[in-house]
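Bear in mind the structure is a predicted one, so any value in this text is a computation, not a measurement. We count residues from 1, following the sequence as given. Every number for a ligand or one of its atoms is a count from 1 in the order of the listing.
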Amino acid sequence: MTTTKQVLNPATEEVVASVQQLEADEVDEAIEAAVSAQREWAAVAPGDRARLLRRAAERVGEANEELAWLEVRNSGHTISNARWEAGNVRDVLAYYSGAPERLFGRQIPVAGGLDVTFREPIGVVGVIVPWNFPMPIASWGFAPALAAGNAVLLKPADLTPLTAIRIGELLLEAGLPEHLFQVLPGRGSVVGWRFVTHPRVGKICFTGSTEVGKSIMAGCAEQVKRVTLELGGKSANIVFADSDLEKAAATAPSAVFDNAGQDCCARSRILVEASAHDRFLELLEPAVKAFRVGDPGDESSQMGPLISEDQRSVVRSYVADPVRVAFRGSAPAGRGFWFAPTVLAPVDRGDRAFREEIFGPVVTVVPFEDEADAIRIANDTPFGLSGSLWTRDLGRALRVARALETGTLSVNSHSSVRYWTPFGGFKQSGLGRELGPDALDAFTEVKNVFVDTTG
Ligand code: NAD
C-alpha cells in the first residue's frame with residue numbers, strides 16, 4: 001500500500017507537497033539496483049568520475065536559488081542561511097571531485113616482493129540524515145562516498161525531504177549513472193532501518209539524535225557493518241573575563257539561535273567567569289532583543305520558526321517553571337511554529353535545561369570561578385561536539401582548547417564547519433569524522449596485496 005506524507009511550511013503551516021513514503025520491498029529493489037550501479041561506477045576511469053562530480057557541483061551551483069527557496073518553504077530556514085547551505089553542497093561536491101585521481105595507496109618495503117595497499121570502495125553506503133540541515137549534512141555523506149567509488153542511498157528526514165529529492169534529480173541531470181545515487185524518502189523505522197539490516201549495504205553514515213544513533217550502532221553490530229555517527233550536542237561557549245566581552249556578547253545569540261537553535265553545534269551553555277558575569281548579561285540582553293526573528297524569506301531575518309509543533313512543545317517544556325527566564329527576544333504571533341529567543345539565568349547546574357540538548361532557541365548562562373572550574377563544567381556532559389572559548393591570553397586559549405573534550409572548537413569566534421577541515425564529536429556526540437582530507441577513509445577499505453617476485 002502506498003502512503004504519502006504531507007510536508008508543511010513551518011512558517012505558515014501550509015502544505016507544501018505530498019511525498020510518497022517507500023516501503024521495505026521498494027528499498028530492497030533500490031539496494032539491488034545500487035549494487036549493480038556501484039560495480040560499474042568503480043570501473044569508470046578516475047578522471048571521468050572526477051569530471052562527473054565536478055559537473056554535479058556545477059549543476060548544484062546553478063540551482064542555488066531554486067534549492068535555497070525550496071529549503072525556505074520546507075524547513076523555514078532564513079533565505080541567507082539556505083543560500084549558504086545550497087552553496088555548501090556545491091563546495092563539498094567540488095572538494096571531493098578532486099579525490100578519485102588522488103585516492104592513493106602505499107608501497108611498503110618487504111623482502112622478496114612488492115607490497116602495496118589499495119583503498120577499495122565499501123560498496124553501497126546508506127546515508128541517513130536529520131531535518132535540521134537537510135542539504136549540507138546529506139552532502140557530507142554522499143559526496144565523499146561517491147568520490148571513493150561507492151553507490152549511495154540517501155534517506156532524508158520525514159519532515160524535510162524536498163531539497164534531497166531535487167539534489168537527486170540534479171545529479172542525474174549532471175550525468176551521474178542511474179541508480180548510483182538514489183534518494184529514498186520514508187519512515188526511519190522502515191527505510192533507514194532496512195539500510196541497517198540489509199546485507200548488501202556495507203556502511204551507514206548516520207546523523208541524528210544520540211538515541212537513534214545508539215540503536216543504529218547496535219543494529220550495525222549484527223553484521224559488523226561500518227558506521228559513522230554524528231549525534232547530539234550541548235556545547236559550551238566559555239567567556240573569560242579578559243576577553244573582548246562586547247564581541248563575545250554580540251556574537252553569542254547567533255551562536256545558539258541560528259537556525260532557531262536547531263543546530264547540533266549550538267552553543268547552548270554560556271559559561272562566564274564570575275567577575276564578568278553581570279556585565280556580560282547586561283551586554284547580552286540588547287543583543288538578544290535585537291535578534292531579528294521573522295519571515296524566513298525576508299533577507300533581513302536572522303531566525304525563522306521551529307520545524308514543527310512537536311518540536312515547539314519539546315522546547316517549551318524547558319522554559320516552564322521552575323527555571324527562570326532572564327530575558328527574551330521576540331517572535332511573530334499567529335500561524336507558524338514560532339518561539340522567541342530565550343535566555344535562562346540563573347540556572348542550577350543540575351537543571352535539565354542546562355544538561356539536555358534542547359534543539360531550540362534557548363540558552364542558559366552560568367558563572368564559573370576559574371579556568372579549572374570552566375573546564376570541569378564544560379566537560380561535565382555526555383556530549384562533546386562543538387564549543388567556543390573567549391580570552392585574550394593565548395596560553396590559556398591553547399590550554400583550555402586541549403583540555404576540552406569536544407571535537408570542533410573555535411577560539412574568539414564561533415565558526416565550526418568548513419568543508420576542508422574535519423568535523424565530528426567526542427563521547428556520545430559521535431563516532432568518526434566527516435569533511436576534510438580524511439573523510440574518504442570512512443568510505444574505503446584498505447586492502448594489502450603482496451606480490452612474490454622471487455619466482
Ligand atoms: P532523529 O534521530 O530522530 O532522526 C534522524 C534520521 O534517522 C531521520 O532521517 C529519521 O527518519 C531516521 N531514523 C529514525 N529512526 C530510525 C531507525 N530506527 N532506523 C533508521 N533510521 C531512523 O533526529 P532528528 O530529530 O531528525 O534530528 C535532530 C538530532 O540530530 C539532534 O539530536 C541533533 O543534535 C542531531 N544532529 C547531529 C548533527 C551532527 O553532525 N552531530 C548534525 C545535525 C543534527
Side-chain angles (χ1 to χ4, degrees), residues 5 7 19 21-22 24 27 74-75 77 85 88 126-141 153-161 163-165 183-198 201 204-220 222 225 227-235 256 258-268 306-308 310-312 314-315 356-360 381-387 406-408 416-417 419 422-436 439 442:
K5 181 165 173 67
V7 172
V19 174
Q21 306 290 286
L22 298 191
V27 179
N74 187 174
S75 305
H77 290 194
E85 291 159 21
N88 184 253
V127 178
I128 304 174
V129 299
W131 46 258
N132 63 327
F133 288 111
M135 286 193 276
I137 290 173
S139 71
W140 304 350
L153 304 170
L154 169 63
K155 198 209 88 67
D158 322 18
L159 297 172
T160 57
T163 47
I165 292 170
V183 180
L184 308 178
R187 277 175 296 151
S189 55
V190 177
V191 177
W193 191 248
R194 193 64 190 126
F195 294 176
V196 175
T197 57
H198 199 295
V201 175
I204 303 290
C205 178
F206 173 83
T207 305
S209 60
T210 298
E211 187 191 353
V212 176
K214 286 177 183 174
S215 72
I216 300 260
M217 190 174 176
C220 286
E222 272 299 302
K225 190 168 287 197
V227 61
T228 43
L229 303 171
E230 296 289 356
L231 309 175
K234 188 70 182 174
S235 298
V256 59
D258 186 61
N259 206 30
Q262 302 164 123
D263 183 343
C264 50
C265 293
R267 275 64 166 179
S268 54
L306 290 166
I307 191 67
S308 65
D310 283 352
Q311 187 64 14
R312 184 161 62 175
V314 170
V315 175
E356 296 174 12
E357 181 180 47
I358 299 175
F359 231 51
T381 167
F383 298 114
L385 186 57
S386 187
T406 189
T408 318
S416 48
V417 178
Y419 58 83
F423 174 72
F426 279 31
K427 300 193 284 190
Q428 294 188 30
S429 283
L431 188 71
R433 291 292 177 276
E434 296 191 304
L435 301 175

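Considering backbone and side-chain N/O of K155, one or more are found under 3.5 Å from N/O of ligand 1. Taking any N or O of G186, backbone or side chain, none lies under 3.5 Å from an N or O belonging to ligand 1. Polar contact with ligand 1: present for G188 (N/O pair, distance under 3.5 Å). Close N/O approach between S429 and ligand 1 is not found [any backbone or side-chain N/O within under 3.5 Å]. Not one N or O of V212 is nearer than 3.5 Å to an N or O of ligand 1, by distance alone. The shortest N or O to N or O distance between E357 and ligand 1 is under 3.5 Å. Taking any N or O of L231, backbone or side chain, at least one lies under 3.5 Å from an N or O belonging to ligand 1. Of the N or O atoms in R187, none lie within a sub-3.5 Å distance of an N or O in ligand 1.
Atoms CD and CG, on Q21 and D158 in that order, are 6.0 Å from each other to the nearest 0.5 Å. Distance OG1/T408 to CZ/F426: 9.0 Å, rounded to 0.5 Å. To the nearest 0.5 angstrom, Q311 atom CD is 10.5 Å from I358 atom CD1. Here CG of L229 is found 7.5 Å from CZ of F206. Values are rounded to the nearest 0.5 Å.
Considering only non-hydrogen atoms, atom 35 (C) of ligand 1 lies nearest to G208 out of P136, G219, G208. Remark: among candidates S209, S189, P185, the nearest residue to atom 29 (C) of ligand 1 is S209, based on non-hydrogen atoms.
Within 4.0 Å of atom 40 (O) of ligand 1, at least one protein heavy atom is present.
Residues satisfying the side-chain contact (heavy atoms from CB on, under 4.5 Å) criterion with T207, sequence neighbours excluded, are P130, I137, E230, E434.
For atom 5 (C) of ligand 1, the nearest non-hydrogen atom of the protein is T207 O, 3.7 Å. The protein heavy atom nearest to atom 42 (C) of ligand 1 is C264 SG, 2.8 Å. Ranking protein heavy atoms by distance to atom 12 (C) of ligand 1, first place goes to I128 CG2, 3.7 Å. Nearest protein neighbour of atom 25 (O) of ligand 1, counting heavy atoms only, is W131 NE1, 3.0 Å. For atom 27 (O) of ligand 1, the closest heavy atom belonging to the protein is P130 CB, 3.1 Å.
Sequence neighbours left out, the pairs with a member in residues 126-141 that pass side-chain hydrogen bond (donor to acceptor under 3.5 Å, both in side chains) are N88-W140.
Remark: distances from the non-hydrogen atoms of P156 to ligand 1 include one below 4.0 Å. Look at A157 and you'll find a heavy atom under 4.0 Å from some atom of ligand 1. Remark: distances from the non-hydrogen atoms of F359 to ligand 1 include one below 4.0 Å.
By the criterion of a heavy-atom distance under 4.0 Å, neither the backbone nor the side chain of V196 is placed next to ligand 1. Under 4.0 Å from ligand 1, the heavy atoms of V129 that appear belong solely to its backbone. With a 4.0 Å cut-off on non-hydrogen atoms, N132 touches ligand 1 through its side chain and not its backbone. With a heavy-atom cut-off of 4.0 Å, L159 does not touch ligand 1 at all. At a heavy-atom distance under 4.0 Å, only side-chain atoms of F206, from C-beta outward, approach ligand 1.
In this structure, the side chain of K155 engages the main chain of G186 through a donor-acceptor pair within 3.5 Å. Without hydrogens or angle criteria, S386 side chain to S235 main chain gives no donor-acceptor distance under 3.5 Å. Side-chain atoms of R433 do not come within 3.5 Å of backbone N or O of F423 as any donor-acceptor pair. Under the 3.5 Å distance criterion, the side-chain polar atoms of K234 are matched with a main-chain donor or acceptor of E356. The closest donor-acceptor contact from the side chain of S429 to the backbone of G232 lies under 3.5 Å.
Numbered from 1 in the order shown, with element, the atoms of ligand 1 that lie under 4.0 Å from a heavy atom of I137 read 42 (C), 43 (C). In the vicinity of F423, heavy-atom distances shorter than 4.0 Å reach the ligand 1 atoms 40 (O). With ligand atoms numbered from 1 in the order given, ligand 1 contributes 19 (N), 20 (C), 21 (N) to contacts under 4.0 Å with heavy atoms of I216. Atoms of ligand 1 lying under 4.0 Å from any heavy atom of D158, numbered from 1 in the order shown and given with element: 11 (O).
K225 pairs in a side chain to side chain contact (heavy atoms under 4.5 Å, CB included) with only one of the listed residues (V201, T197, I216), which is V201.
For the pair H77 and F133, the minimum side-chain heavy-atom distance is below 4.5 Å. C265 is listed as a side-chain neighbour of L385, based on a closest heavy-atom distance under 4.5 Å. You'll find the side chain of E85 reaches within 4.5 Å of the side chain of P136, heavy atoms only. Inter-residue side-chain proximity for T381 and Q428 is flagged as unmet; no heavy-atom pair is nearer than 4.5 Å.
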